[in-house]
Amino acid sequence: MVSSMSSEKKESWKSRYGVILAVMGSAVGLGNFLRFPGQAAQNGGGLFMIPYLVAFLIVGIPLAWSEWALGRYGGKLGHNSAPGIFSSVLKSSKGSYLGMLGTVMPLLIYTYYVILEALCLYFAWSFLNGAIPKLGANSEKITGFVVESLGMAADGAMFTGQQTTMLVIILFCFIINFALIYRGLSAGIEKFCAWAMPLLVLCAFIVLFRVLTLPANPAHPEQNIVNGLGFLWNPIQGDNTIWDTLSRPGVWLAATGQIFFSLSLGFGLILTYASYLKPDDDVCLSSLTSAAGNGFCEVVLGGMIAIPAAFIFLGPVFLSDPGNIGTFSLGFMTLPNVFNQMPAGAFFGFLFFFLLFLAAVTSSLSMLQPSIALLEEGLGLNRKRSVALLGAISLIGTGFITYYSKGLTALDTVDFWMANFFIFIFATVQTLIFGWVIGPKKGYAELSAGAEIPVPRKIMIMIRYVSPAYLLVIFALWCKEELPGRLAQIKVTEEGPTVALLSLTFIVGVMILFSIVIAKANKRWASEEKEEPS
Amino acid sequence: MTTAGWMVMGFAVLGMSSLLGWCVYKVVNTPGSSEHLHSPSDIDPEDD
């Protein structure tokens, strides 16, 4: 099934470096600078690198290669969206509904990610205008600032007229994202990533240099940079033996999750990005370069900034509390405290949150493209209309999450189901389709087409057997650990439905909406196929 | 920081940097690799 889209002039990347930087930009986000160090510190320090490396080889590379190759193959069949690609590859319109997750997931993740993106910009601005530096090293005041910024005290708090700046910044981020998406793949996303990624890395190196040259804490001389690095990288910590750490399933789960989320695998983003490649463009070296760039930002930059700096000013006891080094708390509560105590902290705080903002924009942009691709190729909408329609849908979503802000429950619920639960399912489906539907022979030929590095033959064994089995085991363990608590939140109390239930209803609503879009798209593709001369 | 800590950090940092360096070297030095991609404006409308 080849859509007539293939015969029309369609979008594509302008340069090899552009696509690599765009995929790298999609992968490099808050997780590299905030999630990785927290996960490593909580899960064995230096020993965390063993399961991290295993996950990189067993899940990261095979999944990245299969997603890139599947996307380019879909592009050859004339499709850029996951529903279109799946319907063509599976030769059934039912397949398109399976691909729905590849558009709904990134869109729903965008609805809350843009709020965090705005928060990064708000923090960068607040460091510059002195609002955060004047809070000093007072943890309570900093926490209060975060609670107030996001209206976490009560639902609807953001709309009481006291948080106008934050709302304006959210709107500003919305406009930036949609303006860039409107400009298109090459003139918008590619161009932006081409300067944003180097700038981001430059900012990170400046902050890293500052952290590595920090003097020891005068009150506690043992709190110095060398011991700070040791807190994160020492493989044996406390009384734990190597075996104690590596025998904990949670450590493997955390490392796989980190690789998985950090490389933007299983979201449908790479699938769409790769569909704009030409049939003989390399996918193996490009995806490996993007993964390596992401790993560099994570391990070299992310691993040496947040935790060592926090160690110097806040000490090992503070960092031993997992509540202080979770992604959100490390970024928006612990680190502002650190920058407030650092010489020239206002400047470095600004620089750090500005780099987080850039990382967030390059990621959020990629979350919109899959839905744009579906609206354009499925409904035949032009860029202006598809951007307007998607803008309206995502604005409703962001409005919902911004309104139900108490304790960030709505944000947390959408994040759980989209960026944790469904992502595993979609990644497994993608791998199975590439390994079993396209098959080992054709799959290997697809991977090898245009490849600029040797592709090991055994990669198809990994894609067919090892990666899906590993994913399913990790998913089962994760479900056992996380699902019961989450399901218990979905209920109707005397006060009415819980926010978790409302959030899930919202997710289902978006899925129904996209099912309707896909049904219309299927009709369009079927009629195009009839018109296509055989 | 223990000796093992220095070694793990060294391996991790050097490993990731080397992998990225090698990839970038391959991308830059593969003849014609950057010309594989074309934007719509670069495509020659040969049937015009």
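As the structure is a prediction and not an experimental result, all values here were calculated from the model. To find a chain, count down the sequence lines: A is the first, B the second, and so on, and within it residues start at 1.
Heavy atoms of A/Leu232 lying under 4.5 Å from chain B are absent altogether. Heavy atoms of A/Phe48 lying under 4.5 Å from chain B are absent altogether. Heavy atoms closer than 4.5 Å to chain B are found in the side chain of A/Tyr52, but not in its backbone.
In this structure the side chain of B/Met16 never reaches within 4.5 angstrom of the side chain of A/Glu298, judged on heavy atoms. Counting only heavy atoms from C-beta outward, the side chains of A/Phe296 and B/Val13 never approach each other to under 4.5 Å. Looking only at side-chain heavy atoms (C-beta outward), A/Leu53 and B/Phe11 stay at 4.5 Å or farther from each other.
Taken to the nearest 0.5 Å, the CD1 atom of A/Ile20 stands 8.5 Å off from the SG atom of B/Cys23.
Enclosure of atom CZ in A/Arg183 is not indicated, since only 12 or fewer non-hydrogen atoms of other residues, nucleotides or ligands lie within 6.0 angstrom. Within a 6.0 Å radius of CG in A/Leu202, more than 12 heavy atoms belonging to other residues, nucleotides or ligands are found.
Considering only heavy-atom pairs separated by less than 4.5 Å from chain A, the leading option among B/Thr3, B/Val24, B/Val8 is B/Val8.
Panel note: side chain A/Asn234, backbone B/Met1; no donor-acceptor pair is recorded below 3.5 Å.
Contact record, B/Lys26 with A/Glu452: CE-O, 3.8 Å, taken as the closest heavy-atom pair. Closest heavy-atom contact between A/Met49 and B/Ala12: CE-CB, 4.0 Å. Shown here for A/Thr289 and B/Val27, the closest heavy-atom pair between the two residues is OG1-CG2, 3.6 Å.
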